[in-house]
**Q** 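Just passing along the structure, written as structure tokens.
Below, all heavy atoms of this structure are taken into account, side chains as well, without hydrogens, waters or symmetry copies.
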Amino acid sequence: MNNLLLEIGTEEIPARFLTDAIGQLRERAEEILNNHYIEFSDVRSYATPRRLALIVKGLSPFQKDTVKEITGPPVKAAFDSDGKPTRAAIGFASSQGVEVSELKVKKTERGEYVFVEIKQKGVETVTLLPDLLKRLILSLHFPKSMRWGNSNLRFVRPIHWILALYGNEIIPFEIDGIKSDNITKGHRFLSPASFVIREINSYINLLENNYVIVDQDERRRIIKEGLSRLAASVTGHVIEDEELIETVTHLVEYPVPVLCQFQDEYLRLPRELLITVMKDHQKYFAIEDEEGRLKNHLIVVSNTKEANSDVIRKGAERVIKARFEDAVFYYEEDLKSPLSSHIEALKRVIFHERLGSLYDKTERVSKVALRLSEMLIPEKRALIERAAWLSKTDLLTGVVREFPELQGLMGKYYAIKDNEDSEVSEALLEQYLPAHSGDRLPSTETGSILSIADRIDNIVSFFDLGLAPTGSEDPFALRRQALGIIAILIEKGYRITLREIVTMASEALCLDEEKRDRLTQDVLNFFEQRIGPLLESKGIEYDVIDSVIPIARDVPLSEIIKRIEAIRAFKGAEAYKRFLLSVKRIRNIIPDIEIPPLMEDLLIEPSEKVLYTDLMNIKPLVKSLMRQEKFFATLELLSTMTESIDRFFESVLVMDKRDKIRLNRLSLLKDIWATVSSVADMSRLS
């Protein structure tokens, strides 16, 4: 057994591409080897900004022998009535290089067929590797690729060298004029010369001797240990940020954390502003004390030797001072004008070329928010209106123009400085919550209403423009925004339906009735597609979800959850299975067309009269229980009809030849179904 080493040396690859590239390289290598019946014991993939590397351990020197089964003609065509082979059998055997006597017979779904087993001897792995490694490299995909020179090859960045070894042998192949070899390069600045890898086992250590830590897990460990040690040296700890650690890990080949300092005076800036400047613009790590207060220290992870730390420190401190000075300037300029002074200026900023200005957007959001307020929280109408009109004003401030990721948050800070109501201030931040799956929801009623209004306006507006998500494409994050609305509605228990919310937003667009109705239907379908997976992620059974989806657009989502809980509980009741069979029988027989209303005097048979009486007695009780949201009790009550339903089907011919009698019986069943399905579509349960 030998090991295999592949290294692709490139120009610097963007850090955001490397996590996926590491996974791709390993998975595709495993797939290619498995598809070619080459056994191995382990596959490891690595990446730095300048290289992608793969080490396969325990690679078999030969492919596995395989048996390939090739199907030929049907038995009837291959042999005559006396069992002698026909021309079809002889021709098939000849084409496969076997004797007719070697043909076998097997049964398939289409009948009996002859087949032949072809045994293929595995070839030497080394003869296959040139083609397989080339295929592996070309199979890698990245969010963005490029071409260079006169080449037609597309790759994430220009390839400078390819290292390919099997044992101690070079695997010879060529890509775009670059021939594979046993040569690699160290750190671009600390050890730029090329050097030879003679043994795969020495690869990782030799790179480290040349200032390259090729194993990303090792780089991450070095970084985290350094962050912890340096922060502790100033009695603090690094603010946890796995995303930043992942990014920095993929920005350097030789990580050396360096502690830096900045002037205390900058700590008067909002905490989030300072952290954003450090993280998003410089990839620096912020430090806080035990009480959660920022310290005037930060850590930068350099890509050079520790001996150069003083130079790195001075450079980082000079850069962060300049960035903080910019932040101070924008922040102090912003404080000179209240947020409300920017409302009129929203007219001069385009939200979308076909949807008008930010002012137009604000106007629509305000209309929807006010209608939601009137329905749900009328006592907070004034707060919601104020928050809606201020909601986009911080986008015109200097800090947010410079640091867009602080939208909402700076709005909150500025509103507090303007002495706005605390709930209005909080709502300016909470309008963007939840920002991602699992994120916190708005804590205030004003923030919740504003978040719903803003998101539903985005969804309906972009659907109206024909910019709905397609496949994996969702440039305006409408799926995430829909999930946010659903989460808020469920969490807050708001007594409002998705149809009502979508209608509000479509009316705010001032569309004609026909277009509004079509748009509402499309958006509601979009929401339904989000509800199912969301409920399934909470461990709810698929059939239960399926039973409530048909009513999800016209029933408050908080109530949908209660219905689900009742259905799940009812599935454990003794009466459930019999009742379900009876209900499904009803659903299968009633037509989807209009039926004349039920006429009591057309009920002839005793069993249909009993069933009618049971239904009339139950219907008002069902309505009362439904109003009280006692859904389990409703299902229990409905299940008491099981016996009379079964007796009806046993003794009555529903499809009577007499039109009036048949239609009347179908009308009775349809009335029962309507009563039962007011809880959920029980026919979808299992």
Side-chain angles (χ1 to χ4, degrees), residues 497-500 503 513-514 516-518 520-521 524-525 528 546-555 559-560 563 566-567 570 575-628 630-631 633-685:
T497 67
L498 285 172
R499 184 183 297 278
E500 289 169 326
T503 300
E513 187 174 351
E514 182 181 347
R516 189 169 66 238
D517 290 345
R518 187 170 62 252
T520 298
Q521 187 66 30
L524 288 173
N525 290 339
E528 282 186 1
D546 209 26
S547 73
V548 298
I549 288 295
I551 59 172
R553 60 179 61 185
D554 293 307
V555 172
E559 188 179 302
I560 289 290
R563 294 181 187 224
I567 293 167
F570 183 58
Y576 171 71
K577 288 188 177 179
R578 257 191 82 192
F579 176 64
L580 186 64
L581 288 173
S582 300
V583 166
K584 287 187 174 183
R585 195 170 181 184
I586 291 173
R587 184 67 187 93
N588 290 336
I589 199 170
I590 59 174
D592 291 326
I593 59 173
E594 287 292 324
I595 298 176
L598 178 68
M599 302 290 290
E600 189 176 357
D601 59 347
L602 290 177
L603 298 171
I604 303 170
E605 299 293 335
S607 60
E608 61 183 332
K609 291 180 179 180
V610 170
L611 182 56
Y612 172 75
T613 301
D614 285 353
L615 177 62
M616 292 302 104
N617 289 336
I618 280 176
K619 282 179 74 172
L621 297 174
V622 166
K623 288 181 180 179
S624 174
L625 290 170
M626 292 283 285
R627 281 194 298 270
Q628 300 173 64
K630 295 181 178 179
F631 302 114
T634 303
L635 291 169
E636 283 191 315
L637 176 63
L638 288 167
S639 69
T640 61
M641 297 177 62
T642 303
E643 191 171 337
S644 54
I645 293 171
D646 291 347
R647 193 177 299 118
F648 169 83
F649 278 117
E650 289 168 4
S651 59
V652 171
L653 178 62
V654 177
M655 306 307 284
D656 195 277
K657 292 181 180 179
R658 294 164 290 182
D659 289 344
K660 287 185 177 180
I661 300 298
R662 181 179 68 255
L663 291 173
N664 202 57
R665 289 171 179 168
L666 288 172
S667 182
L668 172 60
L669 294 176
K670 198 161 190 176
D671 199 357
I672 295 170
W673 172 250
T675 305
V676 171
S677 60
S678 64
V679 181
D681 186 346
M682 304 296 287
S683 69
R684 301 191 180 199
L685 294 171

**Q** Just by distance, with hydrogens left out, do Q628 and S624 show a side-chain donor and acceptor under 3.5 Å apart?
**A**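 Yes, side-chain donor-acceptor contact under 3.5 Å.
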**Q** Can you tell me how far the CG atom of L498 sits from the CZ atom of R553, to the nearest 0.5 Å?
**A**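 The CZ atom of R553 is 9.0 Å from CG of L498, to the nearest 0.5 Å.
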**Q** Tell me if a side-chain donor or acceptor on S547 pairs with a main-chain N or O of R684 at a distance below 3.5 Å.
**A**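 Checked: no pair found.
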**Q** Would you say that T640 contacts F579 through its side chain, given a criterion of any heavy-atom pair below 4.5 Å between the two side chains?
**A**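 Counting from C-beta outward, T640 and F579 never come under 4.5 Å.
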**Q** Distance from D546 atom CG to D681 atom CG, nearest 0.5 Å?
**A**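 Output value for this atom pair is 7.5 Å.
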**Q** Among all residues two or more places apart in sequence or in another chain, which pass the side chain to side chain donor-acceptor pair (under 3.5 Å) test with S644?
**A** D614
**Q** Identify, with sequence neighbours excluded, every residue that meets side chain to side chain donor-acceptor pair (under 3.5 Å) alongside N617.
**A**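 Checked N617 against side chain to side chain donor-acceptor pair (under 3.5 Å); zero matches.
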**Q** Under the 3.5 angstrom rule, does the side chain of R563 hit a backbone N or O of V679 as a donor-acceptor pair?
**A**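 It does hold such a pair.
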**Q** Closest approach of W673 and M682, non-hydrogen atoms and distance?
**A** CH2-N, 4.0 Å
**Q** If you round to the nearest 0.5 Å, how far is OG of S683 from CG of N588?
**A** 7.5 Å
**Q** Write down the atom of P591, the atom of K670, and the distance for their closest heavy-atom approach.
**A** O-NZ, 3.3 Å
**Q** Checking side-chain contact (heavy atoms from CB on, under 4.5 Å) against V583, which of T642, L685, V676 comes through?
**A** V676
**Q** Given L668, which of L602, L598, L663 fulfils the side-chain contact (heavy atoms from CB on, under 4.5 Å) condition?
**A**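 Single side-chain contact (heavy atoms from CB on, under 4.5 Å) partner of L668 among L602, L598, L663: L598.
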**Q** Report yes if some heavy atom in the side chain of R665 is under 4.5 Å from a heavy atom in the side chain of E605; otherwise report no.
**A** yes
**Q** Can you name the closest pair of heavy atoms from S678 and V622 and give their distance?
**A**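 The answer is OG-CG1, 4.3 Å.
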**Q** Roughly how far, to the nearest 0.5 Å, is CD1 of I604 from CG of D656?
**A** 7.0 Å
**Q** Please report the shortest heavy-atom distance between A680 and I567, naming the atom on each side.
**A** CB-CD1, 3.6 Å
**Q** Might you confirm whether atom NZ of K584 has over 12 heavy atoms from other residues, nucleotides or ligands at distances under 6.0 Å?
**A** yes
**Q** If I compare all heavy atoms of N664 with all of P597, which pair ends up nearest, and what's the gap?
**A**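 Between these two residues, the closest heavy atoms are OD1-O, 4.1 Å.
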**Q** Would you say that more than 12 heavy atoms from the other residues, nucleotides or ligands in this model lie under 6.0 Å from the CD of E514, or not?
**A**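 Count not over threshold, so no.
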**Q** Is any side-chain heavy atom of Y612 closer than 4.5 Å to one of D671?
**A**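 The answer is no, as the side chains (C-beta and beyond) never meet within the 4.5 Å cut-off.
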**Q** If every non-hydrogen atom of P596 is compared with every non-hydrogen atom of S667, which pair is closest and at what distance?
**A** O-OG, 3.2 Å
**Q** Please round to the nearest 0.5 Å and tell me the distance separating atom CD1 of I661 and atom CG of L666.
**A**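 The CD1 atom of I661 sits 11.5 Å away from the CG atom of L666.
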**Q** Pairs of donor and acceptor atoms involving the side chains of residues 646-654, under 3.5 Å and at least two apart or interchain, shall be tabulated with distances.
**A**
{"unit_1": "D646", "atom_1": "OD1", "unit_2": "S582", "atom_2": "OG", "d": "2.6"}
{"unit_1": "D646", "atom_1": "OD2", "unit_2": "R578", "atom_2": "NH2", "d": "3.0"}
{"unit_1": "R647", "atom_1": "NH2", "unit_2": "E643", "atom_2": "OE2", "d": "2.7"}
{"unit_1": "S651", "atom_1": "OG", "unit_2": "S607", "atom_2": "OG", "d": "2.7"}
{"unit_1": "S651", "atom_1": "OG", "unit_2": "R647", "atom_2": "O", "d": "2.8"}

**Q** How far does CG of L615 sit from CE of M641, to the nearest 0.5 angstrom?
**A**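 If we round to the nearest 0.5 Å, L615:CG and M641:CE are 5.0 Å apart.
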